[in-house]
**Q** 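Attaching a single structure in structure tokens format; questions to follow.
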Amino acid sequence: ADPNNIAFVTNTTTGVNTVLKNLLLEPEDILLLNSHTYGACAKAVDCAVKRAGADIMSLDIILPIRSDDQLVEQLVEVCKRHAGIRLVILDHISSPSAIVFPVEKIIRELHKLGVLVLVDGAHAPGQIELNLEKLNADFYTGNLHKWCFAPRGSAFLWVNKKHRDSLQPLVTSHNYQMDFSLQFFFQGTADHTSYLCTQEALQFHKDCGGMKGIKDHTESLLDWAQQMLCHALGTSILPIPPSLQAPFMRVLRLPEMKGYPVKQESAESIGEQIIKDHNCVVAITCFSGHLWLRISASVYNTREDYLKLKDILLQLKKE
């Protein structure tokens with residue numbers, strides 16, 4: 001990426017908030033989300049539209065997804081039907097479902113309609129090759145502390161040069177009206193240690209073999225783990241094509257569990273119980289009328305991790 005277009009932020013939620021709070025909305029404007037938008041970002045959008053008296057829409061992503069084009073057509077069609085849509089907030093890899101959205105195609109088609117695109121790339125850096133200038137979103141924010149091995153609190157915000165002069169950080173400080181990235185960097189007593197570790201973290205990612213080397217370890221491991229868990233739990237995988245599957249993540253449907261109705265609160269409760277009782281961290285999500293299990297893998301994971309998870313989930317199912 002052009003260094004003039006990029007700045008450090010603490011996480012993608014901060015990046016999303018920075019864009020939304022700089023966006024001058026009118027009452028007739030609409031911001032478009034979808035049913036897989038990350039919860040904190042959906043709340044940031046809700047705050048933005050309420051402040052401006054604008055409106056919000058959420059597109060329900062219909063399962064099964066049979067092709068990339070199905071997602072593109074869904075988003076384009078809703079934007080054609082609603083001319084007031086000003087900005088689409090789009091995940092690169094969705095948090096609840098680990099779906100890789102075909103963002104390059106979507107951006108290209110939405111720009112033809114005059115719609116701005118903000119990409120929430122929280123899970124993309126380190127999993128997917130990124131060329132931000134070629135991607136040509138209006139705004140792109142991504143974490144470095146998820147898949148690039150950087151410390152927590154390390155992320156970036158990329159802004160298309162046509163918007164750069166109109167966007168400022170959430171905190172105005174000594175570097176006001178200076179270069180874009182400098183305005184974000186020097187803000188009072190903020191600790192920049194996580195940013196300074198980024199170069200070493202990216203070198204470690206490279207030393208692990210980069211995305212290809214890590215995928216060589218994780219792909220067969222995750223495919224095995226997903227099928228093993230489905231068989232043990234008597235359930236099925238998320239119905240999406242391989243082209244939309246995140247490299248280091250997999251999703252499968254959870255079976256019915258007594259005392260856990262299908263709602264977001266149940267997903268959070270199951271996850272909290274697993275952490276508390278078994279010291280195991282796993283993502284439980286809720287969408288499309290089901291509870292889902294999202295598993296991940298990196299260089300440090302082995303089959304034993306997922307066998308332990310299987311035993312935990314079977315115990316919960318019995319209870």
**Q** Within a radius of less than 6.0 Å around CG of N279, do more than 12 heavy atoms belonging to other residues, nucleotides or ligands occur?
**A** no
**Q** Measure the shortest side-chain to side-chain distance between L71 and P102 over non-hydrogen atoms and say whether it is less than 4.5 angstrom.
**A**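 A side-chain contact exists here, since the closest heavy-atom pair is under 4.5 Å.
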**Q** Ignoring hydrogens and geometry, is there a side-chain-to-backbone donor-acceptor pair from D29 to A54 under 3.5 Å?
**A** no
**Q** Looking at S194 and G153, what are the two nearest heavy atoms and their distance?
**A** OG-O, 2.8 Å
**Q** Applying the 4.5 Å side-chain criterion to the ILVMFWY set and letting contacts propagate, would L25 and L87 be lumped into a single cluster?
**A** yes
**Q** Once side chain to side chain donor-acceptor pair (under 3.5 Å) is applied, do any residues pair with S94, and if so which ones, sequence neighbours excluded?
**A** S97
**Q** Is it true that, when you exclude R51 itself, more than 12 heavy atoms of the residues, nucleotides or ligands shown sit nearer than 6.0 Å to its CZ?
**A**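 More than 12 within 6.0 Å, yes.
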**Q** Quick check against the 3.5 Å criterion: does Q127 have a side-chain atom that pairs as donor or acceptor with the backbone of F248?
**A** yes
**Q** So, the side chain of Q70 versus the backbone of P64: is there a donor-acceptor pair under 3.5 Å, distance only?
**A** yes
**Q** Do M228 and R303 have side chains that approach each other closer than 4.5 Å (heavy atoms only, starting at C-beta)?
**A** no
**Q** Once rounded to the nearest 0.5 Å, what's the spacing between atom CG of L202 and atom SG of C197?
**A** 11.0 Å
**Q** Can you see which heavy atom on V78 is nearest to which on M57, and at what distance?
**A** CG2-CE, 3.9 Å
**Q** Among all residues two or more places apart in sequence or in another chain, which pass the ring-ring contact (aromatic ring centres under 6.0 Å, His included) test with Y195?
**A**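 Result, ring-ring contact (aromatic ring centres under 6.0 Å, His included) vs Y195: F8, H192.
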**Q** Is V16 reachable from L170 through a run of hydrophobic residues whose side-chain heavy atoms are each under 4.5 Å from the next?
**A**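 No, no single cluster joins them.
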**Q** Main chain of P247, side chain of E219: is a donor-acceptor contact present, judged purely on distance under 3.5 Å?
**A**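 Side chain of E219 to backbone of P247, a donor-acceptor pair under 3.5 Å: no, none is there.
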**Q** Set out, in order, the CA-CA distance, both residues' side-chain angles and the distance that settles side-chain contact (heavy atoms from CB on, under 4.5 Å) for S58 and T37, then state yes or no.
**A** CA-CA 9 Å; S58 182; T37 299; 6.0 Å; no
**Q** Looking at residues at least two apart in the chain, or sitting in another chain, which of them share a side chain to side chain donor-acceptor pair (under 3.5 Å) with K276?
**A** none
**Q** Please report the shortest heavy-atom distance between H145 and P151, naming the atom on each side.
**A**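 Minimum heavy-atom separation between H145 and P151: CB-O, 3.1 Å.
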**Q** If you count the non-hydrogen atoms of other residues, nucleotides and ligands that lie under 6.0 Å from CD in E265, is the total more than 12?
**A**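 More than 12 heavy atoms, drawn from other residues, nucleotides or ligands, come within 6.0 Å of this atom.
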**Q** Would you say the side chain of L313 lies within less than 4.5 Å of the side chain of I274, judging by non-hydrogen atoms?
**A** yes
**Q** Please report the interatomic distance CG(L233) to CG(L252), rounded to the nearest 0.5 Å.
**A** 7.0 Å
**Q** With rounding to the nearest 0.5 angstrom, report the NZ to NZ distance, K317 to K258.
**A**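 Spacing of NZ (K317) from NZ (K258) equals 14.5 Å.
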**Q** Any heavy-atom pair between the side chains of L157 and T14 that's under 4.5 Å?
**A**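 No, too far: nothing below the 4.5 Å cut-off.
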**Q** What I want to find out is whether K80 reaches E77 closely enough, with some N-O distance under 4.0 Å, to be called a salt bridge.
**A**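 No salt bridge links K80 with E77.
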**Q** Search all heavy atoms of A7 against all heavy atoms of S181 and return the closest pair with its distance.
**A** CB-CA, 4.0 Å
**Q** Count I, L, V, M, F, W, Y as connected when their side-chain heavy atoms are under 4.5 Å apart, and connections chain through other members. Are L33 and V119 then in the same cluster?
**A**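 L33 and V119: separate clusters.
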**Q** To the nearest 0.5 Å, what is the distance between CG on D68 and CD on E73?
**A** 10.5 Å
**Q** Side-chain contact test, heavy atoms from C-beta onward, threshold under 4.5 Å: evaluate it for S95 versus H123 and give yes or no.
**A** yes
**Q** Could you check L132 against N5 for side-chain contact (heavy atoms from CB on, under 4.5 Å), going step by step and ending with a plain yes or no?
**A** CA-CA 10 Å; L132 297 175; N5 297 336; over 6 Å; no
**Q** Do F185 and D179 come within less than 4.5 Å of each other through their side chains, counting heavy atoms only?
**A** no
**Q** Nearest heavy-atom pair of D305 and N301: which atoms, and what distance?
**A**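 The answer is OD2-ND2, 3.1 Å.
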**Q** Just grab all the side chain to side chain donor-acceptor pair (under 3.5 Å) pairs involving residues 198-211, residues at least two apart or on different chains.
**A**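 Checked against side chain to side chain donor-acceptor pair (under 3.5 Å) - neighbours excluded - the pairs reaching residues 198-211 are S154-T198, Q203-D207.
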**Q** Please walk me through it: do Q315 and D277 pass side-chain contact (heavy atoms from CB on, under 4.5 Å)?
**A** CA-CA 11 Å; Q315 181 180 332; D277 296 345; over 6 Å; no
**Q** Rounded to the nearest 0.5 Å, what separates atom CG in L90 from atom CG in L32?
**A**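 If we round to the nearest 0.5 Å, L90:CG and L32:CG are 9.0 Å apart.
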**Q** Using atom types as modelled and distance alone, determine if a side-chain donor or acceptor of T218 lies under 3.5 Å from a backbone N or O of I214.
**A** yes
**Q** Other residues, nucleotides and ligands only: do more than 12 of their heavy atoms fall within 6.0 Å of CD on E256?
**A** no
**Q** Can you tell me which residue among Y38, Y140, F101 is in a ring pair (Phe, Tyr, Trp, His ring centres under 6.0 Å) with H92?
**A** Y140
**Q** Any heavy-atom pair between the side chains of L118 and L23 that's under 4.5 Å?
**A** no
**Q** Tell me if a side-chain donor or acceptor on T12 pairs with a main-chain N or O of A122 at a distance below 3.5 Å.
**A**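 The answer is no, because no donor-acceptor pair under 3.5 Å joins these two groups.
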**Q** Measure up the H36 and F287 rings against each other and bin them: parallel (under 30°), tilted (30 to 60°), perpendicular (over 60°).
**A**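 It falls in the tilted class, 30° to 60°.
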**Q** Any sub-3.5 Å donor-acceptor pair from R250's side-chain atoms to W224's backbone N or O?
**A**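 Such a contact is absent between R250 side chain and W224 backbone.
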**Q** Is a side-chain donor or acceptor of N160 paired with a backbone partner of A137 at a separation under 3.5 angstrom?
**A**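 Yes, the answer is positive, given that a donor and an acceptor are paired below the 3.5 Å cut-off.
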**Q** In terms of hydrophobic clustering (I, L, V, M, F, W, Y; side-chain heavy atoms under 4.5 Å; direct or indirect links), are M257 and L291 co-clustered?
**A** yes
**Q** Can you give me the closest heavy-atom contact between V115 and V88, atom names plus distance?
**A** CG1-CG2, 3.7 Å
**Q** Can you tell me how far apart SG (C47) and NZ (K21) are? Round to the nearest 0.5 Å.
**A**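 Separation between the atoms: 4.5 Å.
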**Q** Are I62 and V72 in one and the same hydrophobic cluster, where Ile, Leu, Val, Met, Phe, Trp and Tyr link if side-chain heavy atoms are under 4.5 Å apart?
**A** no
**Q** Please test L167 against Q183 for side-chain contact (heavy atoms from CB on, under 4.5 Å), starting from the C-alpha separation and ending with a verdict.
**A** CA-CA 10 Å; L167 192 138; Q183 291 190 59; over 6 Å; no
**Q** Within the distance-only criterion (no hydrogens, no angle test), does the side chain of D60 pair as donor or acceptor with the backbone N or O of S35 below 3.5 angstrom?
**A** no
**Q** Side chains of Y260 and I284: closer than 4.5 Å at any heavy-atom pair?
**A** no
**Q** Taking only residues at least two apart or on different chains, which pairs with a member in residues 133-142 satisfy salt bridge (charged side-chain N to carboxylate O under 4.0 Å, His left out)?
**A**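 Found E104-K134, D138-K162.
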**Q** Please test D69 against S67 for side-chain hydrogen bond (donor to acceptor under 3.5 Å, both in side chains), starting from the C-alpha separation and ending with a verdict.
**A** CA-CA 5 Å; D69 288 341; S67 69; 5.2 Å; no
**Q** Name all residues meeting the ring-ring contact (aromatic ring centres under 6.0 Å, His included) criterion together with H290; count only those two or more places apart in sequence or in a different chain, and write none if there are none.
**A**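 ring-ring contact (aromatic ring centres under 6.0 Å, His included) check on H290 returns W292.
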**Q** For the side chain of D55 and the backbone of I30, is there at least one donor-acceptor N/O pair under 3.5 Å apart?
**A** no
